[in-house]
Amino acid sequence: MYLKSLIREKISKKYFDLFGSDPVEFTVEIPPQSFGDYSSNVAMVSAKTLKKSPKIIAQALIDAFQGDAEFELVEMAGPGFLNFKLSNTLYRNLIKKYAKKVDMPKAKPQKIQFEFVSANPTGPLTVGHGRQAVIGDILSRLNTAVGKNVTREYYFNDAGRQMKMLGHSTWIRYNELYGKKFEFEEDDYVADYLVDVAKSISEEYGDRYVNIWNDEVQSFFTSYASKKIFEWIKRTLEKLHVPFDVYFSEQTLYKTGLTDEAMKILKDRGYIYEKDDSTWFAVSKILSNEDDRVIIRKNGEPTYFFSDIAYMLDKYRRGFEKVYYIWGADHHGYIPRMLAVSKALGIPDEFFNVILHQFVTLKSGEEIVRMSKRHGDFVTLEDLIDAVGVDATRYFFAMMDPDTTLVFDVDLAKSKRMDNPVYYVQYAHARISSLMKNAREKGIEYEDASLGSISKDEGTIVREMDEFQDVVIAAIEQQKPQKICNYAYSLSEKFHSYYTDHRIVDPENMERSKDRLKLCTCVKNVLEITLSLIGVSAPDEM
RNA sequence: GCGCCCAUAGCUCAAUUGGAUAGAGCAACGGACUUCUAAUCCGUAGGUUGCAGGUUCAAUUCCUGCUGGGCGCGCCA
């Protein structure tokens, strides 16, 4: 970031001196392969406004750069690129900076919210939830790191029809323990995990509910089962190192009267009407292609959609400038109606944001494990974490673009072979720690390294280090956690390569050893902060 | 039928949100450990970026239309 902005500022200044105006937006980037250390397209993008050919503009800038000691070489290439070769002094200054501290880019201290996972306590978290949890967690970490005030929220419903089915299903399992057979109903949860819940009830309360089914029993089984399952969910999230600030219950919306308030606002604004004994929200009044939706059923019960309306109002009232809903791809159809809600409530457009992610399939060997929650035929997130470890779980969920379906290769995640990217990155960190230990044992102090030996070979690593802030910004702006993983890998790659070619700790050459150890300190610092953003540990030995 | 997402090396993925010769890993082949961790490194081979148009100095990237795959279109969430 520092090197790029230095070059950018210099170009702007020289451009202004030459042409009497500020240049239009241009890039400064690390070019492919051996085109120089940095390159800029400023001459090409300015061709139109200046009515000069790119090559003439480029040449004028190059002439202006003559005699600048911070650059060894500035030259033109291709259709008018400016290529820069940096002086070693610049690299030395940067190493001093990064050895002390890795700066985070700073953003406006907005109050924002990420709402994710939000699974109702009817069953354990699946690997799909895992992907969402990790995406939400990393985006939260990133935004917190750049200075935003982030609330991580989990929304859940612990009443209503779904919950009733849960209670009923548990009761059936409970009766089974006593040899009583009842039939499951249509939307009951037939999965095995409720057997454990039933056993737990049996141990605590004995047989007092066998063969007895009434409202009181229903409500007991529902609340017992949901409480038990919620404990399970929270335990899994803890294992995954995903904390939440707020667990928000849907019921709160009704208790606090926010539902009534939302209804009033929508009514006053003319978005509510009655039809077929139900109450409707006129989505089509805002988005003409969309269908209107029922918010109060014939039987007088509100739909979940109505709760979602009140919930959005609640979020807005709490003073968030932006809220992000993280949803699986199956929810994408929900976006238009929620957008309509935000408009109908008079909430500013930038408030409501959705981050979608595609599905997860598990792969073991050549076999693709398909998951179906209906048949209880799925792998729980907890099982996955137990099998491959939390670091690999998080890294694998994070390293793919949320927009693509993720094939989670369980064998690869488990493997400690060299093709596992988590270990590759962690190994780079461990290697550096080991070098430092080695230096300590030999009594080498490198705090005051002169950096006199730092040159081109180290430049590659320094430039990569200096990409850090830009990568963080890009990951946040584009909502792509995998950018951080790719960066961690790329920096590790450059370090491993450097390590192989250069002796770091060399008693025969103390000055050089100090310089290189200082460089390693920088890489270690950047790797540590990068891994912490992914939520993966940075081990000192492996 | 309508909507969202995806398509890049044999496989899994990148490509700094329009830049130069499209890059890594795995798999294949060949090399590097009496030397700080070989969980590593270096090299060879591998491509009409799904297809067809368009936009411009420049397209994997943007636009249009196809093809193929995933997901969704409930008074379920």
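Here the structure is a predicted model, which means the values were calculated and not measured. So that the names make sense, note that chain A is the first sequence line, chain B the second, and so on, each numbered from 1.
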For the pair A:Tyr311 and A:Tyr155, evaluate ring pair (Phe, Tyr, Trp, His ring centres under 6.0 Å) and give the outcome as yes or no after the intermediate values.
CA-CA 9 Å; A:Tyr311 187 34; A:Tyr155 176 76; 4.1 Å; yes
Residue whose closest nucleotide on RNA chain B lies nearer the 5' end, A:Gly78 versus A:Tyr155:
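The answer here is A:Gly78.
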For A:Gln162 and A:Ser40, take the nucleotide of RNA chain B holding the closest heavy atom to each; which residue's nucleotide lies nearer the 5' end?
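This one resolves to A:Ser40.
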Locate the shortest heavy-atom distance separating A:Pro539 from A:His429; write the atom from each residue and the value.
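Result for this residue pair: O-ND1, 2.8 Å.
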Quick one: label [X] by what it contacts on the DNA or RNA (base, sugar-phosphate, nothing), any heavy atom closer than 4.0 Å.
| X | answer |
| --- | --- |
| A:Ser497 | sugar-phosphate |
| A:Ser39 | base |
| A:His429 | nothing |
| A:Ala77 | base |
| A:Phe305 | nothing |
| A:Asp308 | nothing |
| A:Ala430 | base |

Show each protein N/O and nucleotides 57-63 of chain B N/O combination with a separation under 3.5 Å, one pair to a line.
none

Whole-angstrom distance between B:G65 and B:G3, as gauged at atom P
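The answer is 9 Å between these two P atoms.
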Gap in Å between the two C1' atoms, one belonging to B:A9 and one to B:U60, rounded
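Per the computed distance, 14 Å lies between those C1' atoms.
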Can a salt bridge be assigned to the pair A:Lys524 and A:Glu528 using a cut-off of 4.0 Å between side-chain N and carboxylate O?
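Salt bridge flag = yes for A:Glu528 with A:Lys524.
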Taking 4.0 angstrom as the limit, do A:Arg337 and A:Asp291 come out as a salt bridge?
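Salt bridge flag = no for A:Asp291 with A:Arg337.
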A:Glu458 and A:Tyr498: side-chain donor and acceptor closer than 3.5 Å?
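A:Tyr498 and A:Glu458 do have a side-chain donor-acceptor pair below 3.5 Å.
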Think A:Tyr424 has a side-chain N or O under 4.0 angstrom from the OP1 or OP2 of B:C41?
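Indeed, a polar side-chain atom of A:Tyr424 lies that close.
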Hey, does the side chain of A:Arg431 come within less than 4.0 Å of B:A38's phosphate (OP1/OP2), counting only N and O?
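So the side-chain polar atoms of A:Arg431 do come within 4.0 Å of the phosphate oxygens OP1 or OP2 of B:A38, strictly under.
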Backbone N/O of [Y] and side chain of [X]: donor-acceptor pair under 3.5 Å:
| X | Y | value |
| --- | --- | --- |
| A:Asp292 | A:Val283 | yes |
| A:Asp466 | A:Leu3 | yes |
| A:Arg431 | A:Glu541 | no |
| A:Asn83 | A:Phe35 | yes |

Mark this stacking check for A:Phe35 against B:A20 as yes or no, applying ring centres under 5.5 Å and ring planes under 30°.
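Answer is yes, a stack.
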[options]: which one has an atom nearest the side-chain heavy atoms of [X]?
| X | options | value |
| --- | --- | --- |
| A:Asn438 | B:C71, B:C36, B:C75 | B:C36 |
| A:Trp280 | B:A39, B:C75, B:C36 | B:C75 |
| A:Tyr489 | B:C71, B:G25, B:C75 | B:G25 |
| A:Thr500 | B:C41, B:C36, B:C75 | B:C41 |
| A:Asn83 | B:A20, B:C36, B:A39 | B:A20 |

[X] [atom1] to [N] [atom2], straight-line distance once rounded to whole Å:
| X | N | atom1 | atom2 | value |
| --- | --- | --- | --- | --- |
| A:His496 | B:G25 | NE2 | P | 12 Å |
| A:Asp292 | B:G74 | CG | P | 14 Å |
| A:Tyr499 | B:U35 | OH | P | 11 Å |
| A:Ile295 | B:G74 | CD1 | C1' | 16 Å |

Looking at A:Tyr325, I'd like to know if the NZ or CZ of A:Lys315 sits under 6.0 Å from its six-membered ring centre while staying within 45 degrees of the ring's axis.
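Positive - A:Lys315 is close enough to the ring of A:Tyr325 and near enough to its axis.
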With the sugar-phosphate defined as primed atoms, P, OP1 and OP2, and the base as all remaining atoms, what B/S/- string results for nucleotides 3-17 of chain B, 5' to 3', for protein heavy atoms under 4.0 Å?
BSSS-----SSSSBB
Aromatic centroids of [Y] and [X] separated by under 6.0 Å:
| X | Y | value |
| --- | --- | --- |
| A:Tyr98 | A:Phe468 | no |
| A:Tyr489 | A:Tyr424 | yes |
| A:Tyr189 | A:Phe184 | no |

Let me check I have this right: for RNA chain B, each base becomes ., (, ), [, ] or |, based on Watson-Crick or G-U pairs with both distances under 3.5 Å. What is the full string?
(((((((..((((.....[...)))).(((((.......))))).....(((((..]....))))))))))))....
